[in-house]
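Quick note: numbers below take in every heavy atom, side chains included, and nothing from hydrogens, waters or symmetry partners. Below, read A as the first sequence line, B as the second, and so on, with proteins coming before strands; counting in each chain starts at 1. Owing to the predicted nature of the structure, the values given are computational and were not obtained by experimental measurement.
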Number of protein chains: 2
Amino acid sequence: MRKQDITIYDVAREAKVSMATVSRVVNGNTNVRKDTRERVLKVINRLHYQPNAVAQGLASKRTTTVGLIVPDLTNLYFAELSKGIDDIALLYKYNIIITSIENRLMKEDQAIQGLLNKQVDGIIYMSDNLPEEAAEAFKRTDTPVVLAGTKSNHQEFPSVAIDYMKADTESLNLLYNDGKKNLALVLDDPDTVVNAENRIPAYKKFMADHNLGEGHIYSNIKDHSDGYNLYSQLRQDGIDGVIVTRDITAVGILNAATDAGTKIPEEMEIVTASATQIASVVRPALTAIRQPLYDIGAVAMRLLTKLMNNEEIDKKQIELPYELLKKQSTANK
Amino acid sequence: MRKQDITIYDVAREAKVSMATVSRVVNGNTNVRKDTRERVLKVINRLHYQPNAVAQGLASKRTTTVGLIVPDLTNLYFAELSKGIDDIALLYKYNIIITSIENRLMKEDQAIQGLLNKQVDGIIYMSDNLPEEAAEAFKRTDTPVVLAGTKSNHQEFPSVAIDYMKADTESLNLLYNDGKKNLALVLDDPDTVVNAENRIPAYKKFMADHNLGEGHIYSNIKDHSDGYNLYSQLRQDGIDGVIVTRDITAVGILNAATDAGTKIPEEMEIVTASATQIASVVRPALTAIRQPLYDIGAVAMRLLTKLMNNEEIDKKQIELPYELLKKQSTANK
DNA sequence: TTGAAAGCGCTAACAG
DNA sequence: CTGTTAGCGCTTTCAA
């Protein structure tokens, strides 16, 4: 076993100091005389001593580890968020334990409990949906939590996101100004807070404000083939403009339209409510609400570092600006 | 602090047993009388006791945590691999610490050392490139390592991948049979083992075997815009068939061709050497080597669990079958 | 500026 | 089947 043969004790013995002093050197404590520090450092290098983070964690009650809860890593939306989180975590020397929870044995509150058992110093929660049990689990603990790229009814949880309502309204307006009046909303999941409390109300309000009738909301349209298959229904319902929550779904609709010979954007306009790389590489390129995913992740992680250090927070709910990227799937008159 | 107020000691006292017994029931040890077990369990539930995984890790020298080293999470290639890993990790109750190493402060060997300090029970390494220092770091430790979706010159490291040489040869043959003779190879990084030792030799051999001359190898073409910009060079060089390592790059070439009015596949055929979701949603859809990424990840993680349990391994180098998916970017005569 | 000593919460012999 | 007793490797008072 070469795994961990040299401990702080070995270093102490070789350097003829106490463990406490080695600990001080390792942790950059200034209360060590310069020559003592150098002597210890020399031994550390000679022995290739590396601190055991688990023992440090147990003794200090800080693991310099944060937990990430994410529905699905292969959804670029979350991958891009994660990248922002990861970069800032690296900067502040935190490791990341990642837990995916997509349609699985693993429920949200179990994921949380698992992370808590590992004694993470904080948690970033990225799923659209925060079930009541998960919220309860968060409330029971002192471990700080930040929601990234999503919203919750629980105002007590710090979050970083965009103004979904405003973004959707702006998108609908773009379609409307292009002369499209049979507008539809295509949702992945109608029950998430973002959809139920932001997108749907925004849509309904817009339709009412412009006397466009009830409109059409399509739910549980989650992937490329769902979108592809939805297309004929859209045509049947006379839809000429559509907002789609996921861009991969929007691509499905787009491809179905192309295959059917429908002219985009002339006969139908498409806007996706969350742009990842995919939205920009398909042809025609998709008009999209560009959420600053990397930044949302980065800001969320930065916020979490503050919470973990018990620093003062000026604002718990952070809203970042989005962009409406006008591409080829809308006329943009 | 509600964080960790109740310990195994509290449970022991309340249940009128020793810590050892509580530990036994927590760990499912069978040497506990049924009624004792139930009594302890009752107290555990009443007190909402949760074991401190850090303390468990220190005492048992097993953290039930594995480290993942990945270049870039937003590259779907790695995201899909990760998903396979994650699912099997969940099955075996391991947590995952993820470390990205793309063009950053964090070098491979530092990432490894960081994971080792956290006392991970094993490591899965997914980067195409295994620098010498990283290989050295792996050799110095007893912590098992598995390479997933990549190859190394170091035969001592267990790995799970496909036969890149065979896959590329088959792809080249497809182009050749379609009548394309000016074949090119477009690489992300010419120095990775997969490319240097597998793809390039396969390409050179194929060209030589079929008297197609020297051919053209384009290097450091890594993303959509690299691919897009490369297109005119390809035309200039008279290329009519191309194998591209990354599918996002292939999409760049495809889009440039489309924008230039080049007919795909008539005037140019494209095959991507690694298919992610992107390859199938663009139009024309890309002919692709479909590596079973999810499976590669899953098998790699399963292999790692065996190594972590010191089980017998029959084969350290596992090769999984790939498929050559013929789509619209090749004629497929 | 340094050291001694008491844990952190748990596991794992070893006895009984 | 259960309890006692050492630690695991480190941090952190408290004294000196």
Report yes if a side-chain nitrogen or oxygen of A:Y9 is closer than 4.0 Å to either non-bridging phosphate oxygen (OP1 or OP2) of C:dA4; otherwise report no. no
State whether A:S23 places a side-chain N or O below 4.0 Å from either non-bridging phosphate oxygen (OP1 or OP2) of D:dT11. yes
Starting at [atom1] of [X] and ending at [atom2] of [N], how long is that distance when rounded to a whole Å?
{"X": "B:I8", "N": "D:dG3", "atom1": "CD1", "atom2": "C1'", "value": "13 Å"}
{"X": "B:R37", "N": "D:dC1", "atom1": "CZ", "atom2": "P", "value": "9 Å"}
{"X": "A:L116", "N": "C:dG9", "atom1": "CG", "atom2": "C1'", "value": "16 Å"}
{"X": "B:N29", "N": "C:dT11", "atom1": "CG", "atom2": "P", "value": "11 Å"}
{"X": "B:R62", "N": "C:dC10", "atom1": "CZ", "atom2": "C1'", "value": "15 Å"}
{"X": "A:Q56", "N": "C:dC8", "atom1": "CD", "atom2": "P", "value": "18 Å"}
{"X": "A:I6", "N": "D:dC10", "atom1": "CD1", "atom2": "P", "value": "9 Å"}
{"X": "B:N27", "N": "C:dA13", "atom1": "CG", "atom2": "C1'", "value": "15 Å"}

Can we say B:E319 and B:K151 salt-bridge, meaning some charged N sits less than 4.0 Å from an Asp/Glu carboxylate O? yes
Using a strict cut-off of less than 4.0 Å between a Lys/Arg side-chain nitrogen and an Asp/Glu carboxylate oxygen, indicate whether B:K83 and B:E80 qualify as a salt bridge. no
Interface polar pairs with nucleotides 4-8 of chain D, N/O, under 3.5 angstrom:
unit_1 : atom_1 : unit_2 : atom_2 : d
D:dC8  : O3'    : B:K61  : NZ     : 3.0
D:dC8  : O2     : B:A59  : N      : 3.2

State whether the side chain of A:Y77 and the backbone N or O of A:G149 hold a donor-acceptor pair below 3.5 Å, judged by distance alone. yes
In terms of side-chain heavy atoms, does B:T74 have a donor or acceptor partner in B:D72 at a distance below 3.5 Å? yes
Looking only at side-chain N and O atoms, does A:Q113 offer a donor or acceptor that is under 3.5 Å from a partner on A:N117? yes
Pick the nucleotide of DNA chain D nearest each of A:V26 and B:K16; which residue has the one closer to the 5' end? B:K16
Working note: A:K118 + B:T64, criterion side-chain hydrogen bond (donor to acceptor under 3.5 Å, both in side chains); need CA distance, chi angles, decisive distance, verdict. CA-CA 10 Å; A:K118 293 273 180 177; B:T64 60; 3.1 Å; yes
Between B:I6 and B:V11, does a side chain to side chain contact (heavy atoms under 4.5 Å, CB included) hold up when you go through it step by step? CA-CA 8 Å; B:I6 46 147; B:V11 177; 5.7 Å; no
More than 12 heavy atoms of other groups within 6.0 Å of B:K42 NZ: no
Estimated bend of the helix from C:dT1-D:dA16 to C:dG16-D:dC1 (axis per five terminal pairs, rounded to 10 degrees): 30°
Just to be sure I understand the rule, does A:V17 reach a base, reach only the sugar-phosphate, or reach nothing, if contact means heavy atoms closer than 4.0 Å? sugar-phosphate
Starting from the C-alpha separation in whole Å, work towards a yes-or-no answer on side-chain hydrogen bond (donor to acceptor under 3.5 Å, both in side chains) for B:K93 and B:T305. CA-CA 10 Å; B:K93 309 212 184 303; B:T305 63; over 6 Å; no
With the side chain defined as heavy atoms from C-beta on, A:R33 is closest, among D:dT11, D:dT2, C:dT1, to C:dT1
